[in-house]
Asker: 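Dropping the structure in here first, questions after.
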Amino acid sequence: MRKIMRFLMLGALLVLPLTAMSREATMASPNGKLVVTVSDEGGRPTYAVTLEGQPMLLPSALGFKADFGDFTDGLKMTETKASQVDKCYEMRQAKQHHIHYVATLLTVGFENARGQKMSMEFSVSDNDVAFRYLIPRQRNDNPKSAVILSEQTSFRLPEGTTTFLTPQSNPMIGWERTKPSYEEEYKADAPMTARSQYGKGYTFPCLFRVPFAATPSQKSGQDGWVLISETGVSSAYCGSRLSDYDAPTGYTIAYPMEGENNGIGSVMPGIPLPGTTPWRTITVGISLKPIVETTIAYDVVEPIYEPSIDYQSGRYTWSWLIWQDNSINYDDQVKFIDLASAMGFELCLVDNWWDERIGRDRIAELSKYAQRKGVSLTFGYNSNGFENDAPQTPRQCMNTGMARDREMAWMKSIGVKGIKVDFFGGDKQETMKLYEDILYDANRYGLQCIFHGCTLPRGWERMYPNYVASEAVLASENVFFNEGAAKREPFDLTMHPFCRNTVGTMDWGGIIMNKYLSPDNKSRHPRHTTDIFEMASGITMQTAIQCVAMQPNNLTANELPSFELDWLKAMPTTWEETRFVDGYPGKYVVLARRHGDDWYVAGLNALPEPLQLSLDLTGIFPVGSQLKYYVDDAKSGQPALTTLKADKKGKAKVTIQPNGGIILQQ
């Protein structure tokens, strides 16, 4: 086989003929270990991914059908272009502060039988692949817009791969027809052949464990990891998901369902031409370290607008989680403002119904009271509109530009700092536009945004500077609603650092410090995690504004040891650096995060037995340093603050109790 084009050291690009009618382009990562191969064999574009010679994705289909042309079959590769990306940027609210992204960029041109053109753009870093479609105008500078009818984009994983996935639900089902609310359960280590719960595929991100064949450098039985997601979704496209598995084609990109958003809006995205689709992202690793530490969701997107103010991070109290709707009254909110003030927390969330149960005049008084106590308020809103039947108010304040302008100007006038908007309708382009419109308008008034009952954020922390986090997960409210979810909490919170939370900030909604899920802290079902587990989850869960779901009784009844209160008062929520230390999805996790010069190592155990680990803390704490050790006492089960010394090799032996946690600090 004769090489017919240049081999570029810059991008390690190799283009060569497969047959007289087919061509292949190969691009390597900067370190040469990750290789992407693009082919047009048989007139059908495909790509494949290997890492250190091991197949991570088998040849998988590319292409799409648009209203003006078919780019799935009868295509030929016409040109290739390689270049390098080397950029630095900063993030205030993600897992890393200063990010240096180095990648090789490969653009591959294709032409169909009608002479219509499109290109694929691949950005390949040492552990990440991002790709998207570039669609130009065609002959005579037309068409100038396009509807993308469907994508053929697929992901074929090696045989024996197991999955860590959460299903996409049917639309307009569940409580008040609010699904999909992206609050379904994950299943760990399931076979690819297992069908999704609703038969509608899976919500991004999607995690896979890939078995490796034995090689001279790798033992048989070693596994690799693949995380698939997307980023850069704005009002210019719809959100997508993965289909159910099909043996010949693997998983494919699926567009929203007709019934989403109460049937309003197209399931097919429309774009101006020239235009691009969002980036599909693939993170691969020999270990879980690249999965946990990836920043690809932010690396390939850019800010859409500038921040109007210097947005701040912080912690917030939230009455609704345990005191529920009855707490949305003036006097109870004063208690949670006072709690936030006593703890040094920056914010207090007043959830839905405040307009009816407190009233706008008194809520303005409440905001003034909070500010005198050094606390700012955030308000809960319903996104509706017409998306579903969720009854919570305020309604019809976020769904139109005129309503938002009026509402946000009023919030700014009374000193409110943020909003939590709930009950969105799906992934249609119509809904993506609503997210973006809320964010853009909120930025004009200096308001930060948290979304609940909502889809996965897709690069939004970088794209929208006042975006904070999304729920998009089976979150803490379910721990309150039923004991089954309370028992499942350790599994969930040891799963999310490897999938949901690694690609986007997550508003889980509460570091829960009550021992029982009730205002009196004596009735209803118990919390099934230890205090140290809950505290450590404040480190393993990543969001710049963190909910600490303490209750006033946690202070007045002297329910929490002073060292716990002191730790919660000082808990940071922003990070300069994040490192994976140890773990396995749904079983346990140990992460290290740095705030300023201070490192925090936090671990959670979801296993039914104590977990003994020897942690490699090299480069985190000085060798031989004496560390504060927050741990659950093995005999009493009570939280304890003691000390632990790392050995001369930087190793520290720890034991994490079942449903328990650890925290290490200098």
Asker: Do the ring centers of Tyr305 and Tyr440 come within less than 6.0 Å of each other?
Answerer: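 Here the rings of Tyr440 and Tyr305 have centres that are less than 6.0 Å from each other.
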
Asker: Using ring centroids (six-membered ring only for Trp), state whether Tyr89 and His98 fall under 6.0 Å.
Answerer: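 Not close enough - the centres of the two rings lie 6.0 Å or further apart.
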
Asker: For atom CZ of Arg44, is the number of surrounding heavy atoms from other residues, nucleotides or ligands below 6.0 Å larger than 12?
Answerer: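 Atom CZ in Arg44 is not packed in, count stays at 12 or less.
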
Asker: Is there side-chain contact between Ile291 and Leu207, with heavy atoms separated by less than 4.5 Å?
Answerer: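 In contact.
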
Asker: Under the salt bridge (charged side-chain N to carboxylate O under 4.0 Å, His left out) rule, collect the residues that match up with Arg315, sequence neighbours excluded.
Answerer: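 Here the qualifying residues are Glu346.
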
Asker: Say whether Asn140 and Asn142, considering side chains only, have a donor N or O and an acceptor N or O under 3.5 Å apart.
Answerer: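 No, no side-chain donor-acceptor contact under 3.5 Å.
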
Asker: Sub-3.5 Å donor-acceptor pair from the side chain of Thr502 to the main-chain atoms of Val292, do we have one?
Answerer: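 Yes.
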
Asker: Do NZ/NE/NH1/NH2 and the carboxylate oxygens of Arg444 and Asp405 come within less than 4.0 Å?
Answerer: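 So Arg444 pairs with Asp405 through a salt bridge.
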
Asker: Can you tell me if Thr543 uses its side chain to pair, donor with acceptor, with the backbone of Gln546 under 3.5 Å?
Answerer: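 Side chain of Thr543 to backbone of Gln546: no pair is present.
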
Asker: Under a 3.5 Å distance rule, please check whether Asp70 uses its side chain to pair with a backbone N or O of Lys65 as donor and acceptor.
Answerer: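 It does not hold such a pair.
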
Asker: Take the angle between the ring planes of Tyr255 and Tyr237 and call it parallel below 30°, perpendicular above 60°, tilted in between.
Answerer: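 Ring orientation, 0 to 90° scale: perpendicular.
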
Asker: Less than 4.0 Å between a side-chain N and a carboxylate O, is that true for Lys76 and Asp40?
Answerer: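 Not counted as a salt bridge, because no side-chain N and carboxylate O are separated by less than 4.0 Å.
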
Asker: Just wondering, do Phe379 and Lys420 contact through their side chains at under 4.5 Å, heavy atoms?
Answerer: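 Side-chain contact under 4.5 Å: no.
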
Asker: With no hydrogens and no angle check, is any side-chain donor or acceptor of His595 less than 3.5 Å from a backbone partner on Thr574?
Answerer: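 Yes; at least one donor-acceptor contact below 3.5 Å.
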
Asker: Side chains of Thr295 and Gln96: do they bring a donor and an acceptor to under 3.5 Å?
Answerer: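 Side-chain D/A pair, Thr295 to Gln96: absent.
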
Asker: Is there a side-chain contact between Pro180 and Pro171 (heavy atoms, below 4.5 Å)?
Answerer: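 The answer is yes, as the side chains (C-beta and beyond) meet within the 4.5 Å cut-off.
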
Asker: Do Leu105 and Lys81 pass the side-chain contact (heavy atoms from CB on, under 4.5 Å) test, and can you show the C-alpha distance, the side-chain angles, and the key distance before you say yes or no?
Answerer: CA-CA 8 Å; Leu105 196 67; Lys81 180 181 178 182; over 6 Å; no

Asker: Tell me yes or no: between the side chains of Asn261 and Thr431, is some donor less than 3.5 Å from an acceptor?
Answerer: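 A donor-acceptor contact under 3.5 Å links the two side chains.
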
Asker: Classify the side-chain pair Thr283/Asn127 by whether it contains a donor and acceptor separated by less than 3.5 Å.
Answerer: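 No, no side-chain donor-acceptor pair sits under 3.5 Å.
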
Asker: Is there a donor-acceptor contact under 3.5 Å linking the side chains of Thr203 and Gln168?
Answerer: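 Judged by distance alone, the side chains do pair up.
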
Asker: Quick check: do Ile450 and Val421 have side-chain heavy atoms less than 4.5 Å from each other?
Answerer: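 With C-beta onward as the side chain, the pair stays apart.
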
Asker: With a 6.0 Å cut-off on ring centres, are Tyr316 and Phe345 close enough?
Answerer: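 They do not qualify: ring centres at least 6.0 Å apart.
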
Asker: If you round to the nearest 0.5 Å, how far is CG of Leu456 from CE of Met506?
Answerer: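 Between atom CE of Met506 and atom CG of Leu456 there are 11.5 Å.
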
Asker: Give a yes or no on whether the ring-centroid distance for Phe424 and Tyr435 is below 6.0 angstrom.
Answerer: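 So the answer is yes for these two rings.
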
Asker: Among Lys179, Arg241, Lys200, Arg500, whose salt bridge (Lys or Arg N to Asp or Glu O under 4.0 Å) with Glu184 holds?
Answerer: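 One option only clears the test, and that one is Lys179.
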
Asker: Could you give me the CA-CA distance, side-chain angles and deciding distance for Trp460 and Phe451, then say whether side-chain contact (heavy atoms from CB on, under 4.5 Å) is met?
Answerer: CA-CA 12 Å; Trp460 294 354; Phe451 297 132; 4.2 Å; yes

Asker: Does one side chain, of Glu471 or Tyr182, offer a donor that lies under 3.5 Å from an acceptor on the other?
Answerer: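 The criterion, which ignores hydrogens and geometry beyond distance, is not satisfied for Tyr182 and Glu471.
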
Asker: Do Glu407 and Tyr381 meet the criterion of a side-chain donor-acceptor pair at a distance under 3.5 Å?
Answerer: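 Yes, side-chain donor-acceptor contact under 3.5 Å.
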
Asker: Check Arg579 with Glu577, please: is the shortest side-chain N to carboxylate O separation under 4.0 Å?
Answerer: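 Yes, charged N to carboxylate O under 4.0 Å.
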
Asker: Quick check: are there more than 12 heavy atoms from other residues, nucleotides or ligands sitting under 6.0 Å from NZ of Lys433?
Answerer: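 Atom NZ in Lys433 is not crowded, with 12 or fewer foreign heavy atoms closer than 6.0 Å.
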
Asker: Under 4.5 Å between any side-chain heavy atoms of Leu157 and Val226, yes or no?
Answerer: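 Yes, at least one pair of side-chain atoms sits under 4.5 Å.
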
Asker: For the backbone of Lys95 and the side chain of Thr578, can you confirm whether one donor and one acceptor N or O come within less than 3.5 Å of each other?
Answerer: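 Such a contact is found between Thr578 side chain and Lys95 backbone.
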
Asker: With distance as the sole test, does Lys33 use its side chain to make a donor-acceptor pair with the main-chain N or O of Asp126 at under 3.5 Å?
Answerer: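 Flag not set: sc Lys33 to bb Asp126 has no pair under 3.5 Å.
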
Asker: For Asn388 and Thr178, which I'm curious about, is there any donor-acceptor pair between the side chains at under 3.5 Å?
Answerer: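 No, because no side-chain N or O of Asn388 sits under 3.5 Å from a partner of the opposite role on Thr178.
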
Asker: Identify whether the distance between the nearest side-chain nitrogen and carboxylate oxygen of Lys428 and Glu260 falls below 4.0 Å.
Answerer: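 No, no charged N to carboxylate O under 4.0 Å.
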
Asker: Testing the 3.5 Å rule here: is there a donor-acceptor pair between the side chains of Arg458 and Thr455?
Answerer: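 Looking only at side-chain atoms, Thr455 and Arg458 do form a donor-acceptor pair, the distance falling under 3.5 Å.
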
Asker: Could you give the distance from OH (Tyr445) to CG (Asn466), rounded to the nearest 0.5 Å?
Answerer: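 The distance works out to 13.5 Å.
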
Asker: Can a donor-acceptor pair be found, under 3.5 Å and without considering hydrogens, that links the side chain of Arg280 to the backbone of Ile282?
Answerer: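 No.
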
Asker: Using a strict 4.0 Å threshold on nitrogen-to-oxygen distance, state whether Glu302 and Arg462 make a salt bridge.
Answerer: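 Salt bridge: yes.
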
Asker: Side chain of Thr277, backbone of Tyr133: donor and acceptor closer than 3.5 Å?
Answerer: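 Yes; at least one donor-acceptor contact below 3.5 Å.
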
Asker: Roughly how far apart are Gln152 CD and Phe64 CZ, rounded to 0.5 Å?
Answerer: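 CZ of Phe64 is found 11.0 Å from CD of Gln152.
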
Asker: With ring-ring contact (aromatic ring centres under 6.0 Å, His included) as the test, pick out the partner of Phe208 among Phe155, Tyr251, Trp225.
Answerer: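 The residue from Phe155, Tyr251, Trp225 that satisfies ring-ring contact (aromatic ring centres under 6.0 Å, His included) with Phe208 turns out to be Tyr251.
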
Asker: For Ser125 and Ser29, which I'm curious about, is there any donor-acceptor pair between the side chains at under 3.5 Å?
Answerer: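 Side-chain D/A pair, Ser125 to Ser29: absent.
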
Asker: Given Thr252, which partner from the list Ser154, Ser243, Ser60, Ser240 fulfils the side-chain hydrogen bond (donor to acceptor under 3.5 Å, both in side chains) test?
Answerer: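 Of the listed residues Ser154, Ser243, Ser60, Ser240, the side-chain hydrogen bond (donor to acceptor under 3.5 Å, both in side chains) partner of Thr252 is Ser243.
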
Asker: Can a side-chain donor-acceptor contact be found between Thr294 and Asp128 if the only test is distance below 3.5 angstrom?
Answerer: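 Result is yes, a qualifying pair exists.
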
Asker: Looking at SG of Cys454 and CG of Leu434, how far apart are the two atoms once the value is rounded to the nearest 0.5 Å?
Answerer: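 Rounded to the nearest 0.5 Å, the SG-CG separation comes out at 11.5 Å.
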
Asker: Tell me whether the centres of the aromatic rings in Phe131 and Tyr47 are closer together than 6.0 Å.
Answerer: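 Ring-ring flag for Phe131/Tyr47: true, centres closer than 6.0 Å.
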
